[in-house]
Each structure stands twice: as structure tokens, then as C-alpha cells.
Amino acid sequence: MKNLDDYLTWVERDRIKAEYSAVGKFFKNRTAFYKKENLVKEFNELYSEFDSFTVRYNQNYVKTKKEQLLQYFDNIEGKKLDEQQRTAVITDEYSNLIIAGAGSGKTLTILGKVQYLTEQKNISPNDILLLSFTKKTVAELNERLLKIVPGLEAVTFHKLGYDIIKEHFTQKPALTNENTLGRVIKEYLQEDIFDQPQAMQAYVQYVACYMNIPDKLDSSNSLGEKIDTEKGIDFQTLKAQCEPLNKVEKANLNSMQGERVKSVEELIIANFLYLNGIEYQYEKAYPHGEILYCPDFYLSEYDLYLEHFGVDENNQAGWLTPFFEQKYVEEMKLKRERHKTHKTTLLETYSYYNRDHVLLEKLEQILLENNVILKPRDTSEIYEIVSQDGKNFGKEIVKLIESFINLSKSRRLDSNSLTELFSERSKTQNNFIYERQLTFLEFILPILEKYDRTLQNSNEIDFNDMINKAADTVITKKPAYSYKYIIIDEYQDISYSRFNLISQIRDLSGARLICVGDDWQSIYRFAGSDISLFSNFSRHVGKNEQLLIEQTYRNSQSVIDITSKFVQKNPKQITKKPKSKKENLNDPVKFVHFTPEKVQDTFIKELQYLVDRYGNKSILVLGRHSFDIDDLIRLTPHSRIKYFEASGKLQVTGFEYIDIQFMTVHKSKGMEADNVIIVNLRNNLLGFPNKMTDDPIVSLLLSDQEEYQFAEERRLFYVALTRTKNEAILLIPSEASVFGEELLKEHNYLLTSHDGKINTTNCPYCQTGKLMIRTNAATRSQFLGCSHFPQCNQTYKNLEILDDDLLCPQCESGFMVKRNGKFGEFLGCTNYPKCSSTINLQ
């Protein structure tokens with residue numbers, strides 16, 4: 001044991017412990033019986049604490065190597081490695097996870113490791129398997145490798161898998177086109193599903209009752225937070241989509257778009273009633289009493305009223321301020337009394353039903369108890385309406401299905417195993433989530449089966465099949481691999497099938513594993529990536545060394561402070577503290593408001609701002625979706641912006657000399673620019689975050705479920721912000737996205753506008769909506785209404801509030817406005833007479 005001259009892995013440590021096990025047992029407690037008792041004592045002490053000795057030995061080994069190779073590490077590709085990079089290169093555990101932040105020199109570290117292994121440890125390039133995920137990243141690695149280790153070539157997982165199959169099979173299966181899955185999904189939804197009534201009914205039920213999971217009202221700090229989360233969801237009911245309105249109904253609704261409700265809970269209730277053949281009217285005026293009152297639902301066949309109250313089991317509405325909570329509860333009691341007085345029947349559901357995921361269950365129970373007959377409708381006609389592109393989901397539900405199938409095939413889950421998996425997990429889930437999963441499986445499994453049949457009939461395999469087939473080949477053929485090291489770049493993109501293939505190769509070769517990546521930048525779940533293989537690394541590889549590379553060379557410290565706080569809101573992201581020696585003079589994030597008709601003007605003014613401040617530097621324009629660029633390039637006779645889709649280049653009149661590129665955030669990963677402009681930060685279903693991609697149904701297929709809201713979208717937004725070397729400009733429409741609002745609020749940012757004053761007066765009721773001047777259609781008089789209308793219908797007649805929005809110091813739920821009294825002018829609360837707070841102006 002005295003002759004150790006290399007890094008001591010836990011595998012070698014355990015081998016040594018096992019080798020000396022018998023000796024250790026023999027000498028234990030026998031030191032005094034031997035003449036060389038000091039030597040025996042030394043052995044006993046070392047053997048009994050060999051684990052801690054190994055840690056100290058390896059720390060000393062790394063320190064010594066750093067000192068010996070000081071000048072060597074000063075010149076890797078002409079650059080100096082920082083201390084953490086040197087530690088990562090020298091550390092040589094059996095399994096290693098190198099967590100490299102955005103712009104921290106990840107590729108340089110990999111190249112430094114390869115150079116160190118070949119030049120300092122005499123490892124043959126043939127004994128190193130270097131992998132990455134895309135042709136682009138592999139091409140970059142190989143271009144740089146050629147200059148330092150000419151004999152080593154990085155490969156994609158695609159090439160690795162195909163080469164294994166090619167070597168061991170005379171007949172090579174053809175790899176299917178990457179668009180095949182999407183085509184099969186569309187074929188099924190447009191044709192096959194009509195021959196499968198159960199699947200069709202499940203699809204309609206999923207879209208109508210389960211697609212939008214109700215947000216827990218009592219988990220929000222305000223009504224506005226809930227509204228912001230649900231913003232962009234189409235609240236048009238199935239009834240409105242499927243039944244043309246007559247002239248009277250159109251007049252009553254004052255809308256050509258038909259019936260729209262105000263929340264996801266109301267949408268679920270309305271659609272449940274419609275699917276079950278229960279005639280209802282939404283917000284029909286109550287016919288008794290003089291004061292206008294419109295209950296949520298009137299079941300006309302049964303003369304029943306249904307109200308959905310936003311309270312918990314204690315009749316409390318904690319999502320409101322104390323003043324408005326008291327008012328809400330009082331109004332709720334008055335509604336109950338009104339029905340008692342006029343001898344009408346009121347049925348009630350509550351927000352805590354939603355919180356406990358029993359809303360549909362309770363609703364059905366209440367209806368049956370009141371002799372309401374459920375008469376399920378034929379769903380074929382409904383299906384044709386709700387499955388049209390542009391209705392509710394369009395292409396997004398196809399992407400959801402693609403993600404689910406990719407993850408399923410990566411984990412080798414067929415119809416039977418998926419059914420079994422979901423059945424097993426149902427034991428720990430509530431009824432709503434369980435029914436949601438079963439409903440989803442009802443139409444997803446036939447698609448999965450059709451896809452597998454399509455591949456089989458054409459004698460093709462997809463990427464997941466190929467990787468799985470390669471892993472099976474390694475197990476059965478047992479190739480003689482000589483690999484001593486397996487290095488995986490962009491490890492955060494690893495899928496279960498890829499991980500399994502590497503594990504099989506490693507079992508045969510005994511290679512040490514070096515995985516390099518950043519869990520903060522894991523954004524390819526739709527393609528099968530499983531972030532838990534990164535975040536729970538030890539669960540999958542056992543004992544390992546986890547190393548951080550936190551020095552960032554792209555972003556300033558102020559960018560890092562904002563973005564790292566943002567992404568680490570998700571507690572499952574690995575904690576790290578990125579740092580930079582670079583500092584911005586001003587705030588590196590700028591929020592700019594625009595109106596749709598002036599978006600081009602706003603964009604061009606921001607280009608001029610960046611040129612004036614930074615000179616003729618590169619600008620990267622990023623969108624969450626490829627169609628986000630459409631906002632900027634609307635075809636007008638005098639448009640100053642041209643977009644060349646093939647190259648991604650944006651040509652702007654007056655800025656032809658600037659390198660301006662547009663791309664989606666997904667495609668921008670690994671890239672950087674001097675400055676970044678992010679578009680489409682609207683609060684919408686397909687805004688940023690895209691509210692459909694993080695469906696919890698997909699996380700069930702991950703090794704560890706990810707339950708944090710918009711977790712993948714949060715990482716994607718982090719990637720967008722960290723592409724900049726200097727500044728990121730965020731273009732904000734009338735209502736900022738959830739992420740935009742979060743940054744504005746937490747960092748006290750100002751919203752810039754080129755269109756005049758921006759209203760910053762928040763609605764006291766919902767707390768996140770903005771008060772806006774509106775006009776009463778009947779009287780033509782102006783008043784203030786909330787931007788969250790109709791979800792929030794708070795109004796004020798005092799327009800001067802926008803100029804001086806002084807909140808009432810007593811109730812904190814009204815504004816202090818000027819009034820005249822017998823002693824002159826004073827300030828009184830808009831909630832008078834409920835609140836009698838005054839301020840004397842004399």
C-alpha cells in the first residue's frame with residue numbers, strides 16, 4: 001500500500017480492502033502480541049480508516065499533480081485552465097460528474113482531460129470513447145481535437161449504436177425518417193381514431209376535462225397569480241364550440257365567439273355537464289329579487305343552480321386580502337340566503353375540491369344526489385370540432401404525444417408495461433390524476449402500437465430502437481472493448497436508452513466514466529432526455545466524484561446573479577455558485593414594452609440602443625418557437641425587416657453591417673452573442689413559458705418525477721438569458737409572461753416603453769392585473785377596469801387613481817381619492833362605507 005502512485009478509485013480501494021481483509025481480521029486487537037507492534041498498530045489504524053485515508057490521499061494526489069503540471073495546464077489550446085478545471089482534469093474516480101455552467105469552458109475542460117490522459121497518463125486514443133449528442137457538437141470537438149490528439153475522434157450516440165449493429169449483423173435495419181412519428185400521430189388522430197370509439201371518447205374527455213389541470217387556488221398568493229398561470233387557456237366551452245348560437249344568445253353574450261367561462265375549474269364543470277347531456281346556462285340572471293345576480297350555472301331541465309365558490313373547507317378565501325376576503329364570504333352567504341328566501345335549490349362546489357383533486361368526483365356525486373341523469377353524448381361530432389388545428393392545442397398536443405412515445409420507447413415500455421406502470425403508480429395518486437392518466441393512455445396506446453407496426457412493416461427502426469438494439473447486441477455478443485475511459489459531453493441530454501448502452505459497454509470494458517454537462521441546461525425532454533439521470537447520478541452509477549466548474553467567461557456577474565437565482569427556484573436543480581470576473585456597468589436585463597402594431601419600430605429602436613452602447617456587435621434574436629419571428633416580419637409595404645429562414649439571418653434596413661440572427665432557444669444552446677433580444681414574452685398558452693410542454697403525464701416516465709411547475713421551460717429561459725456576453729433585452733407585450741413578471745418583480749426592474757407612459761397601477765383585488773381606462777358601451781362614460789377582466793371584474797369610477805395610486809393605509813384594498821366634506825377636501829377610501837379611512841388635507 002505504500003507504493004500508490006495514481007488516483008485511487010473506490011473500486012481499487014474496495015479491492016485493496018478485500019485483499020487485506022483476512023490480515024485485518026487476524027491482527028485486529030492483537031497488537032500487543034507482536035514484536036513489531038508499532039507496524040501492526042500502524043496497519044490496524046490504516047486499515048480501519050482506509051476510506052478516509054483514500055479521501056486524504058486523493059486530495060493530496062490532485063494537489064501534487066497541480067503543482068507538478070502548473071505550466072502544462074497554463075497552455076491547453078493556448079488558454080490557462082482555472083483551478084476547478086484543473087481539479088476536474090486530474091480527478092480520476094471510477095465515475096465522475098463534471099457540472100459545468102453556461103459559458104464556463106466546458107469543451108476546453110474536455111479537451112484538457114483528453115490531452116492529459118494521452119500525454120501524461122499514456123492512454124492510447126483508441127482506449128478513449130468520446131461521445132456527444134449532435135453532429136454539430138461532435139464536429140466542433142473533432143475540429144479542436146485534431147490539433148491536440150489527432151488519433152482520437154468523437155462520435156455521436158447515433159454513430160456508436162449504428163456501428164455496433166453494422167458490425168454484428170449482415171442485414172442492417174434501415175433507420176426511419178425522423179418525421180415518421182409525427183406523421184403516424186397525425187394519421188391516427190385524423191383517420192384511425194374514428195374506428196375506435198373508446199379512444200375517441202377518451203380524447204374528447206381528456207381535452208374537455210383533463211387537458212388543463214386546475215391550479216390550486218390556495219397555493220397562489222393572489223387571484224392574479226392564478227390568472228397569470230392560466231392565461232392563454234381557451235376558456236370557450238365545448239357547448240360554445242359545438243352548438244351554433246342563435247341571435248338571442250349572441251346578443252345576451254355580447255360576443256361572436258360564444259360562451260366563455262372565467263377559470264379552469266368552471267371550464268371543467270361546463271364541459272362535464274355538456275359531455276353528459278345536461279342542459280345548462282352559464283351566468284343566467286337569477287329571476288328573483290331586485291339586485292342583479294348571475295349564478296355560475298343554471299341546470300334548466302332540473303331548475304337547479306350551481307355555484308363554484310373559491311373557498312377552503314373553513315369557508316375562507318385566503319387568496320384575497322383580508323378586506324376582500326370578508327366581502328367575498330359575506331356575498332357567498334347572501335347568495336345562499338337568497339336561494340333559501342325564494343325556495344330555489346343551490347348546489348355548491350368549492351376550490352378545495354380542486355385542491356384535493358376531487359372536483360369531478362364531487363360534482364358527479366352532487367348531481368346524482370339531486371336526481372340529475374347523466375346522458376353521455378356521442379363524441380364523434382364533438383371530436384371533429386375539438387381536434388381541428390388551432391382549437392385548444394393544434395400542433396402542441398402532437399408534441400406532447402411525441403415526447404411521451406419517445407420517453408416510452410427509450411425505457412422499452414410497450415402498451416402492457418405502460419398500463420402496468422401507471423396502474424402501480426395509481427396507488428399513490430388521487431382520483432383526478434389517476435383518471436387523467438387512464439384517459440390519456442386510452443388514446444395514446446393505440447398510437448404507440450400503430451407506430452411500432454409502421455416501423456415493423458417497413459423493416460425500419462427509430463433512434464430509440466437502434467440504441468436499445470445496440471445495447472442488446474453488447475449483452476449477447478460481448479465485444480472485446482479496450483476502452484479505459486468513456487467521456488460523455490452534454491450529459492444533461494442523456495436518455496435512458498443511451499445510458500443503458502453505455503452501462504453495457506462499461507461493464508465489459510471496466511472503463512472509467514466522465515460525464516460533463518449542466519443540469520440547468522437540460523432542455524430536450526421532448527426528444528427523450530431524462531434529467532434525473534444527471535440530478536440523481538449516484539443512484540445510477542453508485543459512488544462517484546462530483547466536480548463543479550463555476551468560473552464563467554461569457555456572462556457578467558450581474559447576469560449570473562439574476563439567472564442562477566431564477567433557475568434554482570426549482571429545488572431539484574443542483575446547487576452551484578457561478579462566478580465571473582466580468583461586470584456590467586448597468587443592469588444587464590432590459591424590459592421593453594411594445595404594442596403589436598408598433599413592434600417593428602420598438603425592435604429597431606432597441607437595435608439602435610445596442611449599437612450606440614456596444615458598437616457593431618453581434619445580436620442574437622431568440623424565440624421560444626420558430627413562429628415567434630412572425631411578430632417582427634409582418635408583410636407591410638414599408639417593412640424594414642427581412643428574414644432569411646434557411647440561414648436564420650435578419651436583415652434590417654440601416655443595420656446591414658450588423659450580424660443579426662434569429663433562432664429558437666433550443667437551437668441556440670451552446671451558442672453566444674454579444675447581445676440578445678428575446679421575443680414573444682407574452683402570457684399565453686404558447687408564450688414563454690409554453691404552458692403545454694411541462695405536462696406531468698410526461699414526467700411519469702422519468703427516472704424521478706419532476707413536479708416543479710414549468711421546470712423544463714424555466715431551464716430553457718435560463719439558456720436564453722445566458723447566451724449574451726453583455727445584455728439581454730426582453731420584448732414584453734401588454735401582459736408579460738409568468739417568467740417576465742417574476743424577473744420584473746423580484747429585481748425591481750422598470751418597464752421601458754417607446755409608446756408613452758406605462759400603467760403600473762395594480763388592481764387591489766387580484767393584485768397582478770393593471771387598472772386600465774375602459775368605456776361603458778351604454779353610457780359612454782369612462783371607468784377603470786382590471787386588465788384581467790373577465791376573471792377579475794373589479795372597477796373604479798375615479799380615473800385620477802392612475803395619476804396618484806395611494807393605497808388605503810387601513811384596509812390596504814382600496815385607493816385614497818379626493819372627496820368634499822363639510823370641512824373641505826379630504827382623502828377617503830374607495831371602499832367606503834365598508835372602510836371609513838380618511839386623510840385630512842386641510
Checking salt bridge (Lys or Arg N to Asp or Glu O under 4.0 Å) for the pair Lys745/Glu741: CA distance, chi angles, key distance, verdict?
CA-CA 6 Å; Lys745 181 179 178 182; Glu741 281 288 353; over 6 Å; no

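- A salt bridge links Lys106 to Asp489: one of the charged nitrogens lies within less than 4.0 Å of a carboxylate oxygen.
- Ser626 and Thr664 make their closest contact through N-CG2, 3.5 Å (heavy atoms, listed as atom of the first residue, atom of the second, distance).
- Summarising the geometry of Asp519 relative to Ile531, their closest heavy-atom pair is O-CD1, 3.7 Å, with the distance given to 0.1 Å.
- Checked against the 6.0 Å centroid threshold, Phe526 and His666 count as a close aromatic pair.
- Phe717 has its ring centre less than 6.0 Å from the ring centre of Phe566.
- Ion pairing between a basic and an acidic side chain is recognised when a charged N comes within 4.0 Å of a carboxylate O; Glu402 and Lys399 show no such pairing.
- Cation-pi geometry between Lys581 and Tyr553 is not satisfied (NZ or CZ under 6.0 Å from the ring centre, within 45° of the ring normal).
- Within a 6.0 Å sphere centred on NZ of Lys63, other residues, nucleotides and ligands contribute 12 heavy atoms or fewer.
- Ion pairing between Arg723 and Asp674 fails under the 4.0 Å rule for side-chain N and carboxylate O.
- Surrounding NZ of Lys667 are at most 12 heavy atoms belonging to other residues, nucleotides or ligands under 6.0 Å away.
- Using a cutoff of 4.0 Å between basic side-chain nitrogens and carboxylate oxygens, Asp518 and Lys576 are scored as salt-bridged.
- The side-chain hydrogen bond (donor to acceptor under 3.5 Å, both in side chains) with Asp92 is formed by just one residue from the set Tyr485, Tyr61, Tyr7; it is Tyr485.
- Minimum interatomic distance between Ile729 and Glu606 (heavy atoms only, all atoms of both residues): CD1-OE1, 3.4 Å.
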Under the side-chain hydrogen bond (donor to acceptor under 3.5 Å, both in side chains) criterion, do Ser95 and Asn544 qualify, and how do the steps go?
-> CA-CA 5 Å; Ser95 300; Asn544 66 89; over 6 Å; no

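- The side-chain heavy atoms of His747 and Lys565, taken from C-beta on, include a pair separated by under 4.5 Å.
- For Glu656, the CD atom counts as densely surrounded, since its 6.0 Å shell holds more than 12 non-hydrogen atoms of other residues, nucleotides or ligands.
- A ring-centre distance under 6.0 Å is found for Tyr491 and Phe537.
- Between Asp74 and Arg86 there is a salt bridge, with a side-chain nitrogen of the basic residue lying less than 4.0 Å from a carboxylate oxygen of the acidic one.
- By the 4.5 Å heavy-atom criterion applied to side chains, Leu686 and Asn680 are not counted as neighbours.
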Steps toward side-chain hydrogen bond (donor to acceptor under 3.5 Å, both in side chains) verdict (Thr724, Asn726):
CA-CA 5 Å; Thr724 184; Asn726 297 308; 5.8 Å; no

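- Under 4.0 Å is where a charged nitrogen must lie from a carboxylate oxygen, and between Glu742 and Arg714 at least one such pair does.
- A distance-only check finds no donor-acceptor pair linking the side chain of Gln85 to the backbone of Thr109 [under 3.5 Å].
- Closest of all the heavy-atom pairs between Leu681 and Pro733 is O-CD, 3.4 Å.
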Problem - Check against side-chain hydrogen bond (donor to acceptor under 3.5 Å, both in side chains), Lys725 and Asn675 - result: CA-CA 6 Å; Lys725 293 180 184 177; Asn675 293 290; over 6 Å; no

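- Ring geometry for Phe73 against Tyr116 counts as tilted: the plane angle lies between 30° and 60°, on a 0 to 90° scale.
- Taking every heavy atom of both residues into account, Leu622 and Val665 meet most closely at CB-CG2, 4.2 Å.
- Salt-bridge formation is detected for the pair Glu672/Arg554: a Lys NZ or Arg NE/NH1/NH2 atom is positioned less than 4.0 Å from an Asp or Glu carboxylate oxygen.
- The side-chain heavy atoms of Val155 and Leu130, taken from C-beta on, include no pair separated by under 4.5 Å.
- What you find for Lys691 and Asn683 is that their closest heavy atoms are NZ-OD1, 2.6 Å.
- Ion pair Arg512/Glu93 not flagged as a salt bridge, since none of the NZ, NE, NH1 or NH2 atoms sits closer than 4.0 Å to an Asp/Glu carboxylate oxygen.
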